[in-house]
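Heavy-atom basis, side chains included; hydrogens, waters and symmetry copies ignored. Just so you know, these numbers come straight off a predicted model, no measurement behind them. Starting from 1, each residue takes its place in the sequence as its number.
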Amino acid sequence: LKMGQLEAAKNLLDTVNLKNLERRAYLLSASYFDYYFQNNQFVEALSAIETAIQQSTNELEKQYLTKKRDRFVEQL
């Protein structure tokens, strides 16, 4: 995503097996947020970051993701 190769990033994200991530599933959702945001798909981005927040069990991660969501919403 950071290299600007959005389609390659999306294809890679789509291959990740969510079950293998267990408690780190929120990282996949957060990555989808970054993809959707960079691709100007704001409704999908908001949904992905909300999912990431719900999936996170670590309070610090939850706070980080919540701040990230809030900054995103402020930009809309």
Side-chain angles (χ1 to χ4, degrees):
L1 288 169
K2 290 185 179 188
M3 297 173 61
Q5 298 176 349
L6 295 179
E7 280 308 308
K10 176 73 163 74
N11 290 336
L12 187 58
L13 287 171
D14 288 343
T15 66
V16 175
N17 185 340
L18 191 58
K19 292 179 183 177
N20 290 339
L21 295 177
E22 297 177 4
R23 291 183 10 180
R24 300 210 184 268
Y26 73 93
L27 294 173
L28 181 61
S29 296
S31 295
Y32 270 109
F33 165 78
D34 291 332
Y35 166 78
Y36 289 131
F37 177 75
Q38 289 181 30
N39 210 31
N40 296 320
Q41 294 176 274
F42 301 129
V43 172
E44 293 86 349
L46 185 57
S47 177
I49 197 73
E50 290 290 350
T51 299
I53 292 167
Q54 291 173 356
Q55 291 172 326
S56 179
T57 58
N58 179 302
E59 194 57 39
L60 289 176
E61 285 292 334
K62 212 174 264 225
Q63 289 174 9
Y64 169 78
L65 293 167
T66 300
K67 287 180 185 178
K68 190 171 185 173
R69 181 207 52 209
D70 293 347
R71 284 192 305 270
F72 167 70
V73 170
E74 288 173 3
Q75 293 177 0
L76 295 178

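- Judged as a salt bridge (Lys or Arg N to Asp or Glu O under 4.0 Å), the pairs with a partner in residues 43-63 (not counting sequence neighbours) are, in order, E50-R69.
- In this structure Q54 satisfies the side-chain hydrogen bond (donor to acceptor under 3.5 Å, both in side chains) test with no other residue, sequence neighbours excluded.
- In terms of heavy-atom proximity, S29 sits nearest to Q55 at OG-OE1, 2.7 Å.
- Between A52 and L65, the shortest heavy-atom distance links the atoms O-CD1, 3.7 Å.
- Note on V16 and L27: separate hydrophobic clusters, where clusters join Ile, Leu, Val, Met, Phe, Trp and Tyr whose side-chain heavy atoms are under 4.5 Å apart, directly or indirectly.
- Shown here for S56 and Y26, the closest heavy-atom pair between the two residues is N-CB, 3.8 Å.
- Considering only heavy atoms from C-beta on, F42 stays 4.5 Å or farther from Y36 through its side chain.
- Summarising the geometry of K19 relative to N17, their closest heavy-atom pair is N-OD1, 3.0 Å, with the distance given to 0.1 Å.
- Between F33 atom CZ and T51 atom OG1 the span is 12.0 Å, to the nearest 0.5 Å.
- Using a 4.5 Å cut-off on side-chain heavy atoms (C-beta onward), Q5 and L12 make no contact.
- Under the 4.5 Å side-chain heavy-atom criterion for Ile, Leu, Val, Met, Phe, Trp and Tyr, L76 and Y35 are members of distinct hydrophobic clusters.
- Side-chain contact between Q75 and F37: present, with at least one pair of heavy atoms (C-beta onward) separated by less than 4.5 Å.
- Distance check: N58 CG to Q63 CD gives 9.0 Å after rounding to the nearest 0.5 Å.
- In this structure, I49 is a member of the same hydrophobic cluster as V73, with clusters built from ILVMFWY side-chain heavy atoms closer than 4.5 Å.
- More than 12 heavy atoms of other shown residues, nucleotides or ligands fall within 6.0 angstrom of atom CZ in F72.
- Note that the CG atom of L28 and the CG atom of N20 stand 11.0 Å from one another [nearest 0.5 Å].
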